[in-house]
Amino acid sequence: MGLVLGIESSCDETAVALVDTDRVIHAQRIASQEAEHAPYGGVVPEIAARAHAERLAPMIEAVLRDAGTDLDRCDAIAATAGPGLIGGVMVGLVSAKALAMASGKPLLAINHLEGHALSPRLADPALEFPYLLLLVSGGHCQILSVEGLSRYRRLATTIDDALGEAFDKTAKILGLGYPGGPAVERLALTGDPRAVPLPRPLKRSPEPHFSFAGLKSAVLRAKESGQYRDADIAASFQQAAIECLCDRLRRAIEHGGAWPNLVVAGGVAANRAIRTALEKLAREHAMGFIAPPMALCTDNAAMIAWAGCERLALGQSDSLDFAARPRWPLDPDALPARGAGVKA
Ligand code: KG4
Ligand code: ZN
């Protein structure tokens, strides 16, 4: 058994967890910065970095205390080293380096996206490689073939906005505040998903890429028209998003590859309507469907510690001069999607 301390600080959650290679989460704490960022309607990088710096050290102490252990009994220190808001990433990574140096334990510099991608294996010991992964978060919307540790084939990405971003912008347009995803999902429960005609960008296009910018603009026009109830806009937006996800995944599955399981991860995977639709899609293709528990979907440190466990088990570690990376694609060989803007 190996015990790994994990640190997450790439966006607006400060999180620390202790996880072992037998999939036991010994302790974890998470502090959201929602209140700090809410007045601005989105995450302010400077405020985020400062909040991580204030909270991280006491949180590490508290998690070790919760688990009744100390640094000496940990086998490695893992921290998100990118991609993300660089100030926050540096706070977490530098703290991990200091702990690794002081304790003489190995450092594991974790790709935040790999944390999300492997989180379903923390929850489900039966999930083996390869699997087809829909990774949907605030910054990413990708379909990946997960073939092993550090072995990803990106089959699709978004040519403009990530889906979580589209949820957050829809929430802003409807005056629901930040963070938007859960608020839109709640409001959608009371709305009619067929009430507002909204586009399904890229539906039936040959490559399985995503696009959500046009959908977001259509939500804005629907709101400005004054013709529709907010709940109907929320429900129709969510329905359009679900149809886009299912259409694009169907394309990826038909393109080829034999995956026993369809897996979803990332913050948007906490959405119940999306989970239900994906489960049905998997069944139609005779695939199993696996979604991590809600708390493992949104940003957390257990997934970072777990990615550390997986790498530790293979005898991997990183050097203390590992530099924080604002961008860090899982599949560096993936070609840019045609029509894509700056995001890859
Ligand atoms: O993975 P995550 O916590 O952070 C990133 O790495 O981006 O994802 C956050 C995103 C936000 O855009 C948030 O609005 C969205 O996930 N989200 C949801 C739900 N819960 C969180 N979107 C739709 N429905 C939800 N229930
Ligand atoms: Zn994330």
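Predicted, not measured: the structure shown is a model, and the values here were computed from it. In what follows, residues are counted from 1 in the order of the sequence shown. Order of listing sets the numbers, starting from 1, for every ligand and every atom in it.
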Output the list of atoms in ligand 1 that are nearer than 4.0 Å to some heavy atom of [X], sorted by atom number.
X: Glu185; value: 25 (C), 26 (N)
X: Gly139; value: 7 (O)
X: Gly267; value: 1 (O), 2 (P), 8 (O), 16 (O), 17 (N), 18 (C), 19 (C), 20 (N), 21 (C)
X: Ser137; value: 1 (O), 5 (C), 6 (O), 7 (O), 8 (O)

Applying ring pair (Phe, Tyr, Trp, His ring centres under 6.0 Å) to Phe322 and Trp328, what does each step give before you reach the verdict?
CA-CA 13 Å; Phe322 194 102; Trp328 188 357; 5.7 Å; yes
For Arg151 and Asp331: C-alpha separation, side-chain torsions, deciding distance, then whether salt bridge (charged side-chain N to carboxylate O under 4.0 Å, His left out) applies.
CA-CA 8 Å; Arg151 288 178 49 217; Asp331 178 1; over 6 Å; no
Which residue and non-hydrogen atom of the protein lie closest to [atom], and at what distance in Å?
atom: atom 14 (O) of ligand 1; value: Asp168 OD1, 2.6 Å
atom: atom 24 (N) of ligand 1; value: Asn271 ND2, 3.1 Å
atom: atom 3 (O) of ligand 1; value: Asp299 N, 2.9 Å

Contact with ligand 1 for His112, non-hydrogen, under 4.0 angstrom
yes
Does Glu13 have a heavy atom less than 4.0 Å from any atom of ligand 1?
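Contact check Glu13 vs ligand 1: negative.
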Using the side-chain hydrogen bond (donor to acceptor under 3.5 Å, both in side chains) criterion, which residues pair with Arg248? Sequence neighbours excluded.
Ser205
Kindly identify the option in Gly138, Ala265, Cys297 whose heavy atom sits closest to atom 9 (C) of ligand 1.
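Checking each option, the heavy atom nearest atom 9 (C) of ligand 1 is found in Gly138.
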Nearest neighbour of atom 18 (C) of ligand 1 from the list Ala183, Gly181, Pro83, Gly84, on a heavy-atom basis
Gly181
I'd like to know if the side chain of Asp12 reaches the main chain of Gln33, judged simply by a donor and an acceptor atom lying under 3.5 Å from each other, with no hydrogens or angles considered.
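Pair absent, no side-chain N/O of Asp12 close to backbone of Gln33.
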Quiz item: cation-pi between Arg121 and Phe129, 6.0 Å / 45°:
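Flagged: Arg121 positioned over aromatic ring of Phe129.
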Between ligand 1 and Gly164, is the shortest N or O to N or O distance under 3.5 Å?
yes
Answer yes or no: does an N/O atom from Thr298 fall short of 3.5 Å to an N/O atom of ligand 1?
no
Do Phe167 and Thr170 have side-chain heavy atoms sitting under 4.5 Å apart?
no
Hey, does Leu118 have a side-chain heavy atom less than 4.5 Å from the side chain of Leu122?
no
With sequence neighbours excluded, tell me which residues meet side-chain contact (heavy atoms from CB on, under 4.5 Å) with Arg221.
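side-chain contact (heavy atoms from CB on, under 4.5 Å) list for Arg221, sorted by chain: Ser217, Ala218.
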Polar protein atoms (N, O or S) that approach the Zn ion (ligand 2) to under 2.8 Å:
His112 NE2, His116 NE2, Asp299 OD1
Residues 297-306, side-chain donor-acceptor partners within the protein, below 3.5 Å, at least two apart:
from   : atom 1 : to     : atom 2 : distance (Å)
Asp299 : OD1    : His112 : NE2    : 3.0
Asp299 : OD1    : His116 : NE2    : 3.0
Asn300 : OD1    : Ala302 : N      : 3.1
Asn300 : OD1    : Met303 : N      : 2.8
Asn300 : ND2    : Leu296 : O      : 3.2
Asn300 : ND2    : Thr298 : O      : 2.8
Trp306 : NE1    : Glu310 : OE2    : 2.9

Step by step, work out the salt bridge (charged side-chain N to carboxylate O under 4.0 Å, His left out) result for Asp161 and Lys216.
CA-CA 9 Å; Asp161 294 351; Lys216 174 192 70 192; 2.9 Å; yes
What do we get for His116 next to ligand 1 when only non-hydrogen atoms under 4.0 Å count, side chain, backbone, both or neither?
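For His116, the contact with ligand 1 is made by the side chain alone.
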Hey, mind stepping through Gln238 and Ser236 against side chain to side chain donor-acceptor pair (under 3.5 Å) and telling me if it holds?
CA-CA 5 Å; Gln238 188 170 272; Ser236 301; over 6 Å; no
Please tell me whether Val263 and Leu281 are part of a single hydrophobic cluster in this structure, the criterion being side-chain heavy atoms less than 4.5 Å apart.
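As far as the 4.5 Å side-chain criterion goes, Leu281 and Val263 are not connected within one cluster.
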Linking I/L/V/M/F/W/Y whenever their side-chain heavy atoms sit closer than 4.5 Å, directly or via other members, would Leu127 and Leu314 fall into one cluster?
yes
